[in-house]
Amino acid sequence: MKKLLIVITSALLFTGCQKSLTDSEMQEYRETGVKIAKETYQKLSSTLTEKMKAGGIPEALQYCNTAALPLTQEMSEKYKVQIKRTALRTRNESNSPDDEELEILNYYQTRAEKNKELKALVQLDQKGNPHFYAPIILQKKCLSCHGSLDQEVSRKTDSIIKSYYPNDMALGFQENELRGIWSITFPVKN
Ligand code: HEC
């Protein structure tokens, strides 16, 4: 009897989790996710460029240190979602991946290593929220802070980085490499 109950409960739980998104919902979340990620990227990137011009890498680093998370938070509130940037090798530990993000990161990393296309994904997460993921690819202009030490990244830059982030793991990237992902959680629709 007890066994039967367990079977029934797990069957119920399982079907509960199986609630899936329709194709049009997937499409809608994908489009909104792309839009939010683009807008957040543009905001981060345009101020970063300004700071680089005004005060070089030290000022740009200080900007990233103090403004990256609040800006992401501001955009989350604007769109009533939860926006996160995460990576297998993070700079800021507050951006560390959770279990599901780790799975997605490993999925993209494996595809990247096989030179396969990295597309944005939409799926229901463990809590049942629609969740958008998209790869973040490293560009040339990112190398001054994420490239290799003594090549694109000077010792001086590295010492400033390490003063903010003693556990920094986000050096040694190359152009066009997978740097991380956007992870955007949407609220459940009632
Ligand atoms: C001026 C130096 C600088 C430049 C240039 C820069 N970054 Fe960063 N990056 C940082 C800092 C500092 C952080 C930590 C910010 C935080 O607290 O979230 C960071 C964090 C990140 C993160 C979040 C995950 C993590 O490691 O904590 C991603 C993703 C990222 N950068 C990608 C990029 C990309 C892509 C570019 C180029 C378009 C770029 N960065 C250019 C300094 C820089």
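All ligand and atom numbering here is 1-based and tracks the order in the structure.
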Considering non-hydrogen atoms only, spot the tightest contact between [X] and [Y] and give its length.
X    : Y    : answer
I160 : S163 : O-OG, 2.6 Å
L178 : P135 : CD1-CB, 3.7 Å
V153 : H146 : CG2-N, 4.2 Å
L105 : P97  : CD1-CB, 3.8 Å
Y63  : K43  : OH-O, 4.0 Å

Please confirm whether [X] comes under 4.0 Å of ligand 1, counting heavy atoms of the residue only.
X    : result
M52  : yes
Y165 : yes
Y63  : no

What are the atoms of ligand 1, with element, lying closer than 4.0 Å to any heavy atom of [X]?
X    : answer
K141 : 5 (C)
A60  : 1 (C)
Y41  : 38 (C)

Inset, instruction - Decide, yes or no, whether a salt bridge links E28 with K189 under the criterion of side-chain N to carboxylate O below 4.0 Å. - result: yes
Legend entry - Under-2.8 Å protein N/O/S neighbours of atom 8 (Fe) of ligand 1, ordered by chain then residue number: H146 NE2
Assess, by modelled atom type and distance only, whether the side chains of [X] and [Y] contain a donor and an acceptor separated by less than 3.5 Å.
X    : Y    : value
Y164 : N92  : no
S183 : E101 : yes
T49  : S46  : no

Inset, instruction - Using a 4.0 Å heavy-atom threshold (strictly under), name the region of I161 that reaches ligand 1: side chain, backbone, both or neither. - result: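 The answer is neither; I161 stays 4.0 Å or more away.
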Inset, instruction - Answer with side chain, backbone, both or neither: which part of W182 has a heavy atom less than 4.0 angstrom from an atom of ligand 1? - result: neither
Legend entry - T185 side-chain N/O to H131 backbone N/O, donor-acceptor pair under 3.5 Å: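 No: the side chain of T185 does not pair with the backbone of H131.
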Inset, instruction - From atom 27 (O) of ligand 1, work out which of I181, L69, N95, I160 has a heavy atom at the shortest distance. - result: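 Looking at heavy atoms only, N95 sits closest to atom 27 (O) of ligand 1.
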Inset, instruction - Could you name the option among I136, L178, D168 that has the heavy atom nearest to atom 29 (C) of ligand 1? - result: I136
Legend entry - Identity and distance of the protein heavy atom lying nearest atom 30 (C) of ligand 1: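 Of the protein heavy atoms, R85 NH1, 3.4 Å lies nearest.
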Inset, instruction - Provide, to 0.1 Å, the distance between atom 17 (O) of ligand 1 and the closest protein heavy atom, together with that atom's residue and name. - result: N92 ND2, 2.7 Å
Inset, instruction - State whether F173 and R89 meet the cation-pi test: NZ (Lys) or CZ (Arg) under 6.0 Å from the six-membered ring centroid, and within 45° of the perpendicular axis. - result: yes
Legend entry - The single option from Y79, Y133, F132, Y29 passing ring-ring contact (aromatic ring centres under 6.0 Å, His included) against F186: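 With F186 as partner, ring-ring contact (aromatic ring centres under 6.0 Å, His included) holds for just one option, Y29.
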